[in-house]
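Bear in mind the structure is a predicted one, so any value in this text is a computation, not a measurement. Just the heavy atoms: all of them, side chains too, but no hydrogens, waters or symmetry mates, feed the values below.
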Amino acid sequence: MRDAAPAADAHTVSCPHCREAVEGLATVNAATQALRAEDPPGLQALTDRVMNVVRAEIRLGRLLPLADPDRELRIAESAAAKVLRQAADTVPGVRAATCRLVRADEGTDVRVTMELAAALDRPLPDRVDQVRQSVLHSAGRDLGLAVTTVDIVVVDVLEPWPPLSPGHPTGGGT
């Protein structure tokens with residue numbers, strides 16, 4: 001099929017099914033060549049895609065109580081962890097790795113333990129505090145979780161964004 005000038009075959013030329021198959025293969029071949037010609041995705045895009053697949057495992061985990069003891073509402077740990085990782089990722093120079101949630105007591109209080117990677121272009125305590133505030137805010141506003149503690153461990157270092165060039169008033173985020 002890949003030959004520029006395939007040998008003429010009487011059956012292939014006269015058979016409508018074979019002609020249709022050859023045309024279909026030509027379409028697949030053209031699409032494959034177009035995909036191969038594209039630039040491969042950047043390393044960060046590939047890393048993001050892999051991490052999204054890993055995070056999307058079909059495990060609900062424990063059910064955690066929402067901060068409304070009268071209604072006995074619950075949320076799956078995996079769903080809450082995803083929202084809280086996204087909240088951490090909104091902080092420039094940070095990428096959340098893991099997030100665990102456990103009940104802090106017999107009531108509705110929840111404790112969060114998060115691992116993340118952070119750039120070292122700003123003081124790390126300030127950046128960690130910003131992540132903690134973002135996670136606490138999202139837990140209360142977006143989920144209705146009564147989070148009492150957010151423990152954060154930095155497990156990796158990210159490369160900081162390059163410095164801004166003259167004429168560019170804003171920089172990119174992570």
Side-chain angles (χ1 to χ4, degrees), residues 34-36 38-174:
L35 285 173
R36 285 184 180 152
E38 288 182 8
D39 289 333
L43 184 57
Q44 187 61 46
L46 177 61
T47 302
D48 289 343
R49 286 187 0 228
V50 170
M51 288 307 297
N52 286 338
V53 169
V54 169
R55 290 173 177 163
E57 288 183 10
I58 310 296
R59 291 184 281 134
L60 287 179
R62 293 178 294 256
L63 293 178
L64 300 167
L66 296 179
D68 186 356
D70 298 333
R71 299 175 97 184
E72 295 189 30
L73 299 174
R74 307 253 184 261
I75 186 170
E77 177 188 9
S78 60
K82 180 177 181 177
V83 170
L84 298 182
R85 281 193 308 270
Q86 289 174 341
D89 288 347
T90 64
V91 175
V94 171
R95 178 67 68 199
T98 65
C99 182
R100 305 267 187 257
L101 294 93
V102 294
R103 290 178 78 158
D105 57 25
E106 293 302 314
T108 60
D109 293 346
V110 175
R111 179 184 190 116
V112 175
T113 304
M114 184 174 282
E115 292 182 351
L116 53 88
L120 300 177
D121 57 340
R122 290 189 27 228
L124 196 54
D126 294 345
R127 185 160 274 150
V128 168
D129 188 52
Q130 201 175 1
V131 170
R132 184 174 287 113
Q133 294 307 314
S134 180
V135 168
L136 285 168
H137 181 74
S138 181
R141 182 196 67 207
D142 300 332
L143 300 175
L145 279 175
V147 173
T148 57
T149 306
V150 179
D151 294 325
I152 297 175
V153 178
V154 177
V155 295
D156 201 0
V157 175
L158 295 176
E159 291 293 323
W161 284 95
L164 298 176
S165 60
H168 291 284
T170 59
T174 54

When rounded to the nearest 0.5 Å, the distance separating CZ of R100 from CG of L84 is 13.0 Å
inquiry  = For A119, is there any backbone N or O sitting under 3.5 Å from a side-chain donor or acceptor partner on R127?
reply    = yes
side-chain contact (heavy atoms from CB on, under 4.5 Å) filter on L66, not counting sequence neighbours, yields L73, I75, L145
Separation between CD (E77) and CG (L64), nearest 0.5 Å, reads 6.0 Å
Sorted by chain and residue number, the side chain to side chain donor-acceptor pair (under 3.5 Å) partners of R71 (sequence neighbours excluded) come out as none
Can you check side chain to side chain contact (heavy atoms under 4.5 Å, CB included) on Q133 and V150, steps first, answer last?
CA-CA 9 Å; Q133 294 307 314; V150 179; over 6 Å; no
Across all chains, not counting sequence neighbours, the side chain to side chain donor-acceptor pair (under 3.5 Å) partners of S138 are D142
Contacts of P123 meeting side-chain contact (heavy atoms from CB on, under 4.5 Å) (sequence neighbours excluded), chain-then-number -> P125, D126
Hits for side chain to side chain donor-acceptor pair (under 3.5 Å) against R122, two or more places apart or cross-chain, chain-then-number order -> Q130
In terms of heavy-atom contacts, A80 and L101 come closest through CB-CD2, 4.1 Å
By side-chain contact (heavy atoms from CB on, under 4.5 Å), L124 pairs with (sequence neighbours left out) A118, L120, V128, V154
Sequence neighbours excluded, the answer for side chain to side chain donor-acceptor pair (under 3.5 Å) partners of R132 is none
Contacts of T148 meeting side-chain contact (heavy atoms from CB on, under 4.5 Å) (sequence neighbours excluded), chain-then-number -> A104, D109
So salt bridge (charged side-chain N to carboxylate O under 4.0 Å, His left out) across residues 144-154, not counting sequence neighbours, yields R111-D151
Closest non-hydrogen contact found for C99 with R85 is CB-CG, 3.8 Å
Here the gap from R103 atom CZ to T108 atom OG1, rounded to the nearest 0.5 Å, amounts to 8.0 Å
dist S134:OG -> D129:CG (nearest 0.5 Å) comes out at 11.0 Å
Closest non-hydrogen contact found for P65 with R74 is CB-NH1, 3.1 Å
